[in-house]
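Just so you know, these numbers use all the heavy atoms, side chains as well, and skip hydrogens, waters and symmetry mates. The shown structure was predicted, so the numbers you read here are calculated from the model rather than taken from an experiment.
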Number of protein chains: 2
Amino acid sequence: MDGSDVDIIRHFEEYCGLEEDDRALLNELERHPMTLSAGDLLWEEHQTADAFYVLRKGWAYSYRAMNDGTRQVLDVYLPGDVIGLREFSFYKRLSSVAMLTEVSLGRISYRYLISLFGSSHRLTALFFSMLAGQQALLTERLVNVGRRNARDKLAHFICEMYMRLKRVYPELPQHFCMPLSQQMLADILGLSSVHVSRTFSELRETGLVYRDRNRISIPDPELLIRATGFSDHYLHERVSDQLFESETLWQETGLSSRSAAGDRSMAADPD
Amino acid sequence: MDGSDVDIIRHFEEYCGLEEDDRALLNELERHPMTLSAGDLLWEEHQTADAFYVLRKGWAYSYRAMNDGTRQVLDVYLPGDVIGLREFSFYKRLSSVAMLTEVSLGRISYRYLISLFGSSHRLTALFFSMLAGQQALLTERLVNVGRRNARDKLAHFICEMYMRLKRVYPELPQHFCMPLSQQMLADILGLSSVHVSRTFSELRETGLVYRDRNRISIPDPELLIRATGFSDHYLHERVSDQLFESETLWQETGLSSRSAAGDRSMAADPD
DNA sequence: CGGAAAATTGATGTAATTCAAGTCGAGTGG
DNA sequence: CCACTCGACTTGAATTACATCAATTTTCCG
């Protein structure tokens with residue numbers, strides 16, 4: 001993609017305001033990045049899970065391979081996304097993860113995440129938010145795969161990618177690189193690769209989307225969005241800041257405190 | 001269903017060991033249950049989101065309604081499940097939630113959840129785990145909807161329900177109540193209701209599953225599991241206890257500690 | 001330049017949808 | 001208790017959106 005790393009900290013702040021300590025903790029991430037090439041596997045299904053990663057640069061995806069040789073792609077990861085938080089409550093990976101481009105990754109062990117629970121509530125909320133945000137993407141994909149025809153699946157997915165990329169690269173032009181083969185798109189959308197090809201032809205003929213190799217161009221984004229009925233409501237609106245506004249809620253109770261339990265009655269039946 | 005409430009605390013302990021204080025915090029939940037009847041809505045898409053719920057008794061589901069009148073069901077909730085954690089990072093609900101039976105619910109505001117981040121690491125990990133576990137269910141459903149034929153979709157879903165119910169009611173017999181109409185199953189699996197009917201006939205004729213009204217019976221669970229290639233790997237194996245074993249990890253290092261990050265290089269190359 | 005992978009295109013097959021008519025069962029009210 | 005309704009389910013026939021197979025063409029990359 002474009003050569004430069006994404007500023008992870010700035011990106012994260014879109015989810016949740018951070019304080020100095022939080023930034024310091026995150027900076028740790030930046031210090032020992034790991035790089036992989038297109039096609040490399042980060043892990044495979046059933047391997048032991050003990051960490052998650054933050055994608056600092058490049059594209060990646062997770063997938064489940066089926067017995068009959070087909071596969072279903074579960075997530076497409078862009079810079080700033082978190083990979084492998086799903087298995088926090090499992091012993092083993094539920095899906096394989098592979099790289100679509102050269103990538104740069106920061107690793108965070110689950111144990112370190114748990115230690116973060118104790119040291120930064122904001123980072124706890126941040127990763128909580130990212131997990132929730134990913135779930136929102138998944139539910140939208142489920143709707144897409146379960147209830148739309150091929151044209152709408154593809155158009156909707158391209159809309160989603162366009163909007164997600166725009167959040168990472170606000171200057172994104174109307175034609176951009178999407179390093180996904182038609183076979184990959186088929187595996188994402190639950191279609192066959194030849195039908196993806198035909199569907200691209202259809203989108204081209206109706207002037208909605210043009211594709212040349214990996215470059216997508218959307219002559220009129222508004223038109224595409226209307227034609228698809230796309231709504232970006234599931235692409236994150238940060239909320240954590242508000243929730244943190246009344247810091248007293250827990251700050252008065254102190255870090256080590258179980259005393260918050262005493263406040264329980266006050267806070268339990270909220271609002 | 002069966003009349004009695006599920007013991008939420010005991011259920012939660014399957015995810016993560018709890019200490020006395022944690023139990024006290026959770027007990028608060030039990031104090032003001034809310035009851036709704038079959039068909040009632042808990043909320044609708046686009047309503048403001050400020051809390052999640054723990055389902056103490058009964059069945060519920062979430063769904064997205066489409067423009068063309070169809071809909072996609074996103075989750076089916078059983079006792080012990082958590083509803084609405086997904087919108088933690090959003091202003092508004094992403095899906096509607098309705099009841100399938102009479103239910104009992106405990107409410108936890110997002111603000112209270114955040115205060116929990118400060119007062120109990122174990123509960124933080126618990127809710128983190130539940131969110132992750134739900135994501136695992138979603139990914140499996142995505143595979144189901146995207147890559148299987150009608151027979152396998154239905155058989156797989158019934159397997160999943162059987163296994164999930166068995167975790168809640170270990171004594172569950174081989175025939176049990178599943179309060180889902182064929183239309184509902186169609187909305188879950190991305191099929192039409194008439195094809196669900198035909199598919200049940202097929203399962204009946206091959207002796208895998210019998211359905212009478214809302215009662216499902218599985219004469220030979222092992223056979224069904226094999227016929228479907230069902231694997232329960234995505235239905236939770238708790239991991240938190242291990243992660244918490246060496247409590248020193250964060251207790252010693254305290255707030256500013258980097259030391260956990262130092263493990264990175266050691267563990268960076270997974271397995 | 002040459003071989004391989006990705007994409008296109010056409011012909012054919014099929015799993016699932018849609019439409020429509022009819023059955024069954026539960027609940028209601030006379 | 002029976003007749004009525006209403007929703008859930010069943011079954012058949014016609015249609016369709018997609019998959020599969022196969023033959024080319026195009027693009028990539030060493």
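Distance A:Glu202 CD to C:dT8 P: 14 Å, rounded to the nearest Å. At whole-Å resolution of the value, CG in A:Leu191 and C1' in C:dA7 are 16 Å apart. Straight-line distance from the CG atom of A:Leu180 to the C1' atom of C:dA5: 16 Å, rounded to whole Å. As a whole-Å value, the separation of A:His195 NE2 from D:dC21 C1' is 16 Å. Here C:dT14 presents its P atom at 18 Å from CZ of B:Arg198, a figure rounded to the nearest Å. Computed from coordinates, the B:Lys153 NZ to C:dA15 P distance equals 14 Å when rounded to whole Å. Rounded to whole angstrom, the span from the OH atom of B:Tyr210 across to the P atom of D:dC9 amounts to 19 Å. Atoms CZ (B:Arg204) and P (D:dT11) sit 7 Å apart, rounded to a whole Å.
A salt bridge links A:Glu45 with A:Arg64: at least one charged nitrogen is closer than 4.0 Å to a carboxylate oxygen.
Between A:Thr139 and A:Tyr234, the closest side-chain pair of non-hydrogen atoms is not below 4.5 Å. Residues A:Asp212 and A:His175 have side chains not in contact (no heavy-atom distance under 4.5 Å, counting atoms from C-beta outward). Taking the side chain as every heavy atom from C-beta outward, B:Ile158 and B:Phe200 approach each other to under 4.5 Å. Between B:Leu154 and B:Leu189, some side-chain heavy-atom pair lies under the 4.5 Å cut-off.
As judged by a 4.0 angstrom heavy-atom cut-off over every strand, A:Val196 is placed among residues making no nucleic acid contact. A:Ser192 comes within 4.0 angstrom of a nucleotide base, judged by non-hydrogen atoms across all strands. If you check every strand for non-hydrogen atoms under 4.0 Å, B:Ser201 touches sugar and phosphate atoms only.
For C:dT8, its base never sits under 3.5 Å from the side chain of A:Arg211 at any donor and acceptor pair.
Projected onto DNA chain D by closest heavy-atom contact, A:Asp212 and A:Ser193 fall at different nucleotides, the more 5' of which corresponds to A:Ser193. Between A:Arg147 and A:Ser197, the residue anchored nearer the 5' end of DNA chain C, judged by the nucleotide with its closest heavy atom, is A:Ser197.
Taking only side-chain nitrogens and oxygens, A:Gln183 never comes nearer than 4.0 Å to OP1 or OP2 of C:dA5. Contact check, B:Ser181 against D:dA8: no side-chain N or O comes under 4.0 Å of OP1 or OP2. Side-chain N/O atoms of A:Gln182 include none lying less than 4.0 angstrom from OP1 or OP2 on C:dA5.
If you check C:dC19, C:dA16, C:dT8 against the side chain of B:Val194, the one that comes closest is C:dC19.
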